Amino acid sequence: MVELFVDRYVYLFVLVLLSIGLYGMFAMRNLAKKLVGMTIFTTAIYLFFIEGSVKDGATAPIISPAVGVDAAGYVDPLPHLLILTAIVVGVGIVGVGLALLVRIYQAHGTLEENEVVARLSGSPRAGRRGHPLDEPAQATSAGEADGEAGA
Amino acid sequence: MTGAYPSEVVRTVGGLLSPFIAMFGLYIIAHGHYGPGGGFAGGVILAVGVILPRLTLESRIAFGSVPRELGPLAAGAGMLAFALTGLVAVLAGGAFLDYAAVEVGEIAASRLRYLGILVVEIAVGLAVFGAMVLVYDELAGSPVDG
Amino acid sequence: MILELDVLLFVILIVTAVLALKVRDLLAAVALLAAYSLFAALIFAGAVAVDVALVEAVLGAGVTGVLFIAAILTTSRRADVVDSSRRRWATLPVLAAFLALMIYASTGLPDKGDPEAPAHQGVAPVYLEDSLEDTETPNVVTALLADYRSQDTLGETLVIVTAALGAALVLRAREQEELG
């Protein structure tokens, strides 16, 4: 039993993290929390790949004179390449997601998913819920409220 | 979010550390052949060296040294340099991005590939630097002080 | 690659991930996310993935945190208390199915650190043996990234530049509306 754990504990922990990430993406109402869940999920995937590249007793894939060119002395470099790419692309995704988040907040004034969906499906409310920097007296006239919202 | 931080300690430390962080980023790009790092890590650390002044120092200093337009410019330049490196190899008769096809004097093929890797790493570092600075500038918005 | 340290770091990762989703203050959630990425970078370093640890530490614990904070400070800072228990109970069967499928799939995967794993055969030993002679570059990951697999890197650089431009365009559309 202990041997089984020692051989496969990586898969157990990675699966737990994947589930936490998925839960964050599905069950959280706040849009920023969904992005947090997505980041947790993608980082868990990186962990899965990198732990799959480990070899017993091997060292970093930088050819050193001490180990020579024997392929068994180095860990597998291909997953490192793949994950390096994936990490940078993941940050790009987070950047676009955050830009959309800010845009949704500017358009609807809230980051809660159910409120945004309700507003988009056209439930009649009195004008646009203003940006917090809007002055309350001008909240009903959408054109002037746009001019008030600052960065 | 942008603009001079109220605490003098933070302003001083941010101003002192940023050039060293940027220099460290350049070091990592240049030493990508011999140690961990390469274009991506170096480009991102270089971007951090540029983002830190925007977080802590006055806008005049932060945007004076690295203006807003430098972000998209660097990203495009890096991308272009990478594509051109590949096209040069095609024009010299080889495959796309086959650095050894460009015959220059009596440089060995492995040395040509070494130099090709260096050029590509610098291009990638520039592109990643530009992308990170661009995304930060857009998210942070306009400065809150003069 | 110390077993106890690895297990401890994974446990800390799980605790941090759960807390990052539970807290209501969004800035605290971002700080916990940065801590999560930092501990993941430590695990990468323990698995001797030096390039990946460097990039994950800088990007995950640094840049992602800064971008999140920049976005949150211009929007709201707290997540509302919503009674989403119905949504929670609806998610659990999906998660259970996902877990069952993944556990079944993981029985076919090799043990950790097995040098005979199928992933380590094939082209990876060729790269390790030939890269120093072909490219005079000791760092095999750099040689792979910029020479053997340079087209993948070209595509990836294109993706990151396009993502940054897309984010910029999404946010600038708002300013056009304001100007009229």
Side-chain angles (χ1 to χ4, degrees), chain B residues 1-2 25 28 31-45 47-48 51-52 55 71-72 75-76 78-79 82-83 85-86 96-100 108-121 123-124 127-128 130-142, chain C residues 45 48-60 62-63 66-75 130-151 153-172 174-175:
Chain B
M1 174 111 195
T2 322
I28 291 214
H31 284 72
H33 292 259
Y34 301 100
F40 293 107
V44 175
I45 296 182
V48 168
I51 290 178
L52 190 57
L55 280 172
M79 209 46 236
F82 200 148
T85 314
F96 187 61
L97 288 169
D98 180 10
Y99 313 123
S110 62
R111 196 72 189 164
L112 279 170
R113 288 171 78 164
Y114 176 97
L115 292 171
I117 291 179
L118 184 61
V119 170
V120 161
E121 288 285 327
V124 163
V128 171
M132 293 296 145
V133 169
L134 176 60
V135 171
Y136 172 77
D137 276 344
E138 290 302 321
L139 276 177
S142 354
Chain C
V48 217
V50 286
D51 282 293
V52 179
L54 188 56
V55 174
E56 171 72 19
V58 176
L59 272 180
V63 171
V66 166
L67 293 181
F68 258 105
I69 293 181
I72 287 175
L73 284 183
T74 57
T75 61
D130 290 345
S131 81
L132 189 60
E133 195 184 317
D134 283 344
T135 57
E136 297 186 19
T137 310
N139 188 352
V140 181
V141 176
T142 299
L144 279 178
L145 204 135
D147 191 343
Y148 289 105
R149 303 273 166 120
S150 50
Q151 292 191 353
T153 310
L154 180 63
E156 172 206 346
T157 318
L158 187 61
V159 166
I160 185 70
V161 168
T162 311
L165 284 176
L169 284 174
V170 162
L171 285 172
R172 288 206 187 177
R174 165 83 182 180
E175 292 170 28

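Letters A, B, ... are given to chains in the order of the sequence lines, protein chains preceding strands, and every chain is numbered from 1. The analysis underlying the following values was restricted to heavy atoms, covering all of them including side chains, and did not include hydrogens, waters or symmetry mates. Bear in mind the structure is a predicted one, so any value in this text is a computation, not a measurement.
A salt bridge links C/R172 with B/E138: the distance from a Lys NZ or Arg NE/NH1/NH2 to an Asp or Glu carboxylate oxygen falls below 4.0 Å.
Between atom OH of residue B/Y136 and atom CG of residue C/L67 there is a gap of 9.0 Å, rounded to the nearest 0.5 Å. Between the OG1 atom in B/T85 and the CG atom in C/L154 there is a gap of 9.5 Å [rounded to 0.5 Å]. Note that the CG atom of B/L112 and the OG1 atom of C/T135 stand 12.0 Å from one another [nearest 0.5 Å].
Just one of C/D51, C/L54, C/L145 meets the side-chain contact (heavy atoms from CB on, under 4.5 Å) condition when paired with B/F40; it is C/L145.
The shortest side-chain heavy-atom distance between B/L97 and C/S150 falls under the 4.5 Å cut-off. Contact of the C/T137 side chain with the B/Y114 side chain is registered, since non-hydrogen atoms from C-beta on lie closer than 4.5 Å. Between B/M132 and C/I160, the closest side-chain pair of non-hydrogen atoms falls below 4.5 Å. A 4.5 Å side-chain heavy-atom check between C/E156 and B/V124 finds every atom pair outside the cut-off.
Proximity to chain B (any heavy atom under 4.5 Å) is restricted, for C/Y148, to the side chain, taken from C-beta onward. Of the atoms belonging to B/L115, not a single heavy atom falls under 4.5 Å from chain C.
Put simply, the side chain of C/D147 never gets that close to the backbone of B/I117: no donor and acceptor are under 3.5 Å apart.
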* To do: Decide salt bridge (charged side-chain N to carboxylate O under 4.0 Å, His left out) for C/E136 and B/R113; before the verdict, give the C-alpha distance in whole Å, the side-chain angles of both, and the deciding distance to 0.1 Å.
  => CA-CA 8 Å; C/E136 297 186 19; B/R113 288 171 78 164; over 6 Å; no
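No other option in C/V140, C/T153, C/V55, C/V52 has as many heavy-atom pairs under 4.5 Å with chain B as C/T153. Interface summary for chain C: among B/A127, B/G37, B/G71, the most heavy-atom pairs under 4.5 angstrom belong to B/G37.
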